[in-house]
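Just the heavy atoms: all of them, side chains too, but no hydrogens, waters or symmetry mates, feed the values below. Being a predicted model, the structure only gives us computed values, none of them experimental.
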Amino acid sequence: MHTPSFTLFETPIGPCGLVWGERALVGVLLPEASTGATRARARRRFPQARELTPPADVQRTIERIGRLLGGHVDDLLDVELDMAAVLPFQRRVYEFARRIRAGATLTYGEVALRLGEPQGARAVGQALGANPFPIIVPCHRVLGAAGRPGGFSAHGGTRTKLQLLEIEAAPLGGTPGLFD
């Protein structure tokens, strides 16, 4: 098995990280309180990972994430993710969430309904709470009932979620025309 690698990089919202394996990205780290805290989280989540200079494809993803967090639209749909460790339902949720455009939002219940799981809002929330690929799988675009922000497991919690939505100019009430 290939030992994963990681790198940290500055963005308009703070130091983020990418973790990659032999085939694709295996994780994305949103900013913690400091670069050191983000590095410590990378080491906790991926204890075998080595901090390295990223290969060209990972560097391009870093640049795109930086531009996205600076307010430029990029759906990142072509960024390959290694979902080998992701449960089947989570994979369905993540693949669906990736197609929600920047500036658009849905509720957990709407996502569940569109996945054919009308009683699955809580399961959708749990899947998104375990999202190993925030930003690339834009879990911040999924809200609680009535457009409430709902939870967010990254450092800063709901404040970070609202900051990401503000960067994308996404309303809290949800929007039609979600997909390309």
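Counting heavy atoms from C-beta on, the side chains of L18 and P54 never come closer than 4.5 Å. Counting heavy atoms from C-beta on, the side chains of L113 and P118 come closer than 4.5 Å. Looking at V93 and L128, their side chains come closer than 4.5 Å, going by heavy atoms from C-beta outward. Side chains of L106 and R114 form a contact here, defined as non-hydrogen atoms less than 4.5 Å apart. In this structure the side chain of V79 never reaches within 4.5 angstrom of the side chain of I65, judged on heavy atoms. Side-chain contact between L25 and V19 is absent, with no heavy-atom pair separated by less than 4.5 Å.
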**Request:** Output, in order, the C-alpha distance, side-chain angles, deciding distance and verdict of side-chain contact (heavy atoms from CB on, under 4.5 Å) for T61 and I136.
**Result:** CA-CA 10 Å; T61 300; I136 296 173; 4.2 Å; yes

**Item:** Residues R98, L81; criterion side-chain contact (heavy atoms from CB on, under 4.5 Å); working and verdict
**Value:** CA-CA 11 Å; R98 286 188 85 180; L81 303 176; 3.5 Å; yes

**Asked** Given the rule in the side-chain contact (heavy atoms from CB on, under 4.5 Å) test, do V26 and W20 qualify, once you have shown the distances and angles that lead to the verdict?
**Response** CA-CA 5 Å; V26 296; W20 65 94; 5.8 Å; no

**Stepwise side-chain contact (heavy atoms from CB on, under 4.5 Å) test for I100 and T105** = CA-CA 7 Å; I100 302 172; T105 58; 6.0 Å; no

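By the neighbour-count criterion of 12 heavy atoms within 6.0 Å, atom CZ of R43 is densely surrounded, having more than that number from other residues, nucleotides or ligands.
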For residues 4-13, please give each side-chain donor-acceptor pair under 3.5 Å, one per line with the distance, not counting sequence neighbours.
from: T11; atom 1: OG1; to: I13; atom 2: N; distance (Å): 3.1
from: T11; atom 1: OG1; to: G14; atom 2: N; distance (Å): 3.3
from: T11; atom 1: OG1; to: G14; atom 2: O; distance (Å): 2.6

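Between D78 and R64 there is a salt bridge, with a side-chain nitrogen of the basic residue lying less than 4.0 Å from a carboxylate oxygen of the acidic one. Salt-bridge formation is not detected for the pair E168/R101: no Lys NZ or Arg NE/NH1/NH2 atom is positioned less than 4.0 Å from an Asp or Glu carboxylate oxygen. With respect to the salt-bridge test (charged N to carboxylate O, under 4.0 angstrom), the residues E80 and R23 do not qualify.
Of the inter-residue distances, the one linking T38 atom OG1 with R41 atom CZ reads 8.5 Å to the nearest 0.5 angstrom. Separation of atoms CZ (F133) and CG (N131) is listed at 7.5 Å; rounding is to 0.5 Å.
A donor-acceptor pair under 3.5 Å links the side-chain atoms of Y94 to the main chain of A127, judged by distance alone. A donor-acceptor contact shorter than 3.5 Å is absent between the side chain of E95 and the backbone of R92. At distances below 3.5 Å, not a single donor-acceptor pair connects side-chain atoms of K161 with backbone N or O atoms of R141. Side-chain N or O atoms of D75 include none that pairs as donor or acceptor with a backbone N or O of A102 at under 3.5 Å.
Checking Q163 against H140 by side-chain atom types alone, no donor-acceptor pair falls below 3.5 Å.
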